[in-house]
Structures are given as structure tokens and as C-alpha cells.
Amino acid sequence: QVQLVESGGGSVQAGGSMTLSCVASGRIFSTNPLGWYRQVPGKQRELVAGGNGDNGGIRFEYGESVKGRFTSSRSNAKNRVDLHMNSLRPEDSGIYYCYVHRGMEYWGQGTQVTVSS
């Protein structure tokens, strides 16, 4: 049984910053990737920060639209993954989901981010 709970969403003005957090519970190992997706209205689900698990060091690969603006970090001891978002744009508005790959893909209920112009 795996459960992921996102938090930290809300409203922010363009150019602002916001940090999202996700706490995972259940049978999750350091080798299981943790990361973030987002769903922007009218667009397909987009990988925001793709974690690769502990394969010689946890790394994240970022979507082209967020490179240089978003960073993600993971705490294995706390089973938590954070998403630090800077220089936010209105087109970043959407629902953000954290995920884990453990044979199958699991994700949380999401947290909404609204960026006003």
C-alpha cells in the first residue's frame, strides 16, 4: 500500500516563488523514483521533475518549460520530495502531483497552483 500526499499549493503572483511538498507512506525504497507531474488545463500531463532513485546519487531531470526555474529535492529518511518553484508564470498554473514508481506508478491527489499575471 502506497500513499502520497501533496501540500503547499495556493495562489501567487507572476514572478513569485512557491514550494510544494509531498510525503509518501508505505513500502517505498530509496531505489524507487520519486518526482512531480503537473496537469495544466488543456494540455497533457507533463513531467516536471523526474527522479531517478538512488542509483549512485539521486538526480532529477526537469521539463524544458521549467528548467532553470524549478528544483526538486528528496529526503529518503522522511520519504519526502519537495518542489521549489521560482519565477512562476501564469502558464505554470495547474494541479501538481507527486509520484513514485514501484513496479507500478502511484501518485497523490494533487495540489493546485494558481499564478496570476
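Computation of the quantities below employed the complete heavy-atom set of this structure, encompassing side-chain atoms and omitting hydrogens, waters and symmetry-equivalent molecules. Index from 1, following the sequence.
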Checklist outcome for this item: Between Trp36 and Cys98 the two heavy atoms that sit nearest each other are CE3-N, 3.7 Å
Checklist entry - For the residue pair Gly35 and Phe60, what are the closest heavy atoms and their distance? => result CA-CE2, 4.4 Å
Next on the checklist: Please determine whether side chain to side chain contact (heavy atoms under 4.5 Å, CB included) holds for the pair Met85 and Val12, giving the CA-CA distance in whole Å, both sets of side-chain angles, and the decisive distance to 0.1 Å.
Outcome noted: CA-CA 11 Å; Met85 305 183 293; Val12 65; over 6 Å; no
Checklist entry - Do Leu34 and Val2 sit in the same hydrophobic cluster, where Ile, Leu, Val, Met, Phe, Trp and Tyr count as joined when their side-chain heavy atoms come under 4.5 Å apart? => result yes
Checklist entry - Is there side-chain contact between Asn52 and Pro33, with at least one heavy-atom pair below 4.5 Å? => result no
Next on the checklist: Do Leu20 and Glu6 have side chains that approach each other closer than 4.5 Å (heavy atoms only, starting at C-beta)?
Outcome noted: no
Item to check | Shortest non-hydrogen contact between Asn32 and Arg27, atoms and distance | outcome: OD1-O, 4.4 Å
Next on the checklist: Test of understanding: clusters of I, L, V, M, F, W, Y form through side-chain heavy atoms closer than 4.5 Å, transitively. Do Leu83 and Leu88 belong to the same one?
Outcome noted: yes
Checklist entry - In terms of heavy-atom contacts, does CD of Glu91 have more than 12 from other residues, nucleotides or ligands at under 6.0 Å? => result yes
Next on the checklist: Check this for me: Glu61, atom CD, are more than 12 non-hydrogen atoms of other residues, nucleotides or ligands nearer than 6.0 Å?
Outcome noted: no
Item to check | From CA spacing to verdict: side chain to side chain contact (heavy atoms under 4.5 Å, CB included), Arg38, Val113 | outcome: CA-CA 10 Å; Arg38 72 182 180 186; Val113 174; over 6 Å; no
Next on the checklist: Hydrophobic clustering (ILVMFWY, side-chain heavy atoms < 4.5 Å, transitive) - are Tyr99 and Tyr62 grouped together?
Outcome noted: no
